[in-house]
Amino acid sequence: MDTSDLVVRAQHGDEGAFASLCVVIGNRLHAIAHRILRDADLADDAAQQALLSIWEDLPQLRDPARFEGWAYRVLVRACYTEAKKSRRSAPNLRILHIETSDHGGLGSIADRDQLERAFQHLSVDHRAVVVLRHYLDLTEGELADSLGVPIGTVRSRLFYAMRALRAAIDADARPVAREAAQ
């Protein structure tokens with residue numbers, strides 16, 4: 001069944017149609033929330049809050065064909081709320097440099113960990129735009145619609161987020177290079 005048909009039925013109070021919509025988008029919303037918030041419990045809360053808000057606000061959605069982008073906007077707002085509620089931080093662990101030539105795939109694990117540490121330094125606004133752009137492969141126009149901001153803001157957030165990621169990765173790599181030289 002077409003998503004637009006499910007949206008129209010759910011707008012008229014059909015709980016079964018909304019349950020089907022949840023099956024269609026629920027896992028994707030949770031995955032996006034997890035990538036933005038970097039915490040499974042916070043992602044659970046944000047996705048659940050987003051689905052509740054979607055159900056409550058669905059009758060006001062004018063164009064059922066734009067449901068997915070609208071749902072992403074609701075989710076990002078729920079992620080902002082969860083991030084503000086919980087200022088928990090991950091423990092600050094220092095990862096030692098791994099030589100990739102002798103250990104095969106361990107280099108990619110170290111790279112992923114380094115990227116994760118860099119991603120932790122981004123604000124929720126910057127994480128949201130990076131996740132929606134690179135995980136969902138949304139265009140700048142779709143990002144602007146999903147986030148409810150002008151396209152110039154999307155471009156600015158992408159630019160500064162990528163610059164901050166590069167800087168954090170470079171800063172993270174410097175101590176490792178010095179230790180390896182000693």
Side-chain angles (χ1 to χ4, degrees), residues 1-90 112 115-116 118-162 164-165:
M1 177 172 275
D2 183 28
T3 305
S4 295
D5 293 336
L6 289 173
V7 171
V8 170
R9 287 181 33 214
Q11 283 180 314
H12 292 94
D14 185 342
E15 292 179 11
F18 185 71
S20 296
L21 277 174
C22 289
V23 168
V24 171
I25 66 164
N27 287 338
R28 192 171 332 136
L29 292 178
H30 184 270
I32 293 166
H34 188 265
R35 283 172 172 77
I36 292 171
L37 296 169
R38 314 315 280 180
D39 181 283
D41 293 332
L42 291 177
D44 288 342
D45 293 344
Q48 185 175 22
Q49 185 57 47
L51 288 171
L52 180 62
S53 296
I54 288 169
W55 172 249
E56 291 171 349
D57 297 339
L58 194 56
Q60 284 78 38
L61 179 64
R62 287 185 230 132
D63 184 2
R66 299 183 70 161
F67 171 75
E68 204 168 313
W70 175 75
Y72 295 147
R73 183 183 309 173
V74 171
L75 175 69
V76 169
R77 287 184 184 145
C79 288
Y80 290 162
T81 301
E82 286 303 316
K84 287 177 187 173
K85 274 192 219 175
S86 175
R87 296 291 183 191
R88 290 185 277 177
S89 61
R112 187 178 60 221
L115 184 59
E116 175 65 27
F119 205 72
Q120 288 287 344
H121 293 291
L122 295 180
S123 69
V124 176
D125 286 334
H126 288 149
R127 279 189 233 156
V129 77
V130 169
V131 168
L132 293 174
R133 175 70 179 115
H134 294 288
Y135 177 69
L136 290 179
D137 202 28
L138 297 182
T139 65
E140 289 177 348
E142 292 168 331
L143 278 168
D145 276 348
S146 294
L147 296 173
V149 297
I151 199 163
T153 302
V154 167
R155 289 179 180 145
S156 172
R157 286 182 186 172
L158 275 171
F159 173 79
Y160 287 110
M162 298 311 286
L165 278 174

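For Glu56, the CD atom counts as densely surrounded, since its 6.0 Å shell holds more than 12 non-hydrogen atoms of other residues, nucleotides or ligands. Other residues, nucleotides and ligands contribute more than 12 heavy atoms inside 6.0 Å of the CZ atom of Arg38.
Nearest heavy-atom pair across Glu142 and Asp137 is OE1-O, 4.4 Å. Heavy atoms only, all atoms of each residue included: Ala83 and Leu37 are closest at CB-CD2, 4.0 Å. Taking all atoms of both residues into account, the shortest heavy-atom contact from Ala78 to Ala46 is CB-O, 3.5 Å. Residue Gly141 comes nearest to Ile151 through the heavy atom pair N-CD1, 3.9 Å, listed as atom of the first residue, atom of the second, then distance. Nearest heavy atom pair, residue Leu75 against residue Ala47, reads CD1-CA, 4.1 Å.
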query = How far apart are the C-alpha atoms of His134 and Arg35, what are their side-chain angles, what is the distance that settles it, and do they pass the side-chain contact (heavy atoms from CB on, under 4.5 Å) test?
reply = CA-CA 11 Å; His134 294 288; Arg35 283 172 172 77; over 6 Å; no
request  = Walk me through it: do Arg28 and Tyr72 pass the test side chain to side chain donor-acceptor pair (under 3.5 Å)?
outcome  = CA-CA 10 Å; Arg28 192 171 332 136; Tyr72 295 147; 3.1 Å; yes
request  = Report the C-alpha separation of Phe119 and Val131 in whole Å, then their side-chain angles, then the decisive distance to 0.1 Å, and conclude whether the side-chain contact (heavy atoms from CB on, under 4.5 Å) test is met.
outcome  = CA-CA 10 Å; Phe119 205 72; Val131 168; 3.8 Å; yes
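In the model, Asp125 has a side-chain atom that pairs as donor or acceptor with a side-chain atom of Tyr80 under 3.5 Å.
A distance of 9.5 Å separates CG of Leu147 from OG1 of Thr153, quoted to the nearest 0.5 Å. Taken to the nearest 0.5 Å, the CD atom of Gln11 stands 11.5 Å off from the CZ atom of Phe18. Atoms CG and CG, on Leu122 and Leu165 in that order, are 4.5 Å from each other to the nearest 0.5 Å. To the nearest 0.5 angstrom, His34 atom NE2 is 9.5 Å from Leu42 atom CG. Once rounded to the nearest 0.5 Å, the distance linking CG of Leu143 with CG of Leu132 reads 6.0 Å. Here Arg133 contributes atom CZ and Arg157 contributes atom CZ; the two are 15.5 Å apart, rounded to the nearest 0.5 Å.
Glu140 places no side-chain N or O within donor-acceptor distance of the main-chain N or O of Val154, the cut-off being under 3.5 Å. For Ser156 (side chain) and Gly152 (main-chain N/O), no donor-acceptor pair under 3.5 Å exists by modelled atom type.
Under the 4.5 Å side-chain criterion, counting only non-hydrogen atoms from C-beta, Thr81 is not in contact with Gln49. In this structure the side chain of Leu51 never reaches within 4.5 angstrom of the side chain of Gln48, judged on heavy atoms. Counting heavy atoms from C-beta outward, Glu68 and Thr3 have side chains that stay 4.5 Å or more apart. Annotation: side chain of Leu29 is in contact with side chain of Ile54 (closest heavy-atom distance under 4.5 Å). Residues Val74 and Asp57 are not in side-chain contact: their nearest non-hydrogen atoms beyond the backbone lie 4.5 Å or more apart.
In this structure, Trp70 and Phe67 have tilted ring planes: the angle between them lies in the 30° to 60° band.
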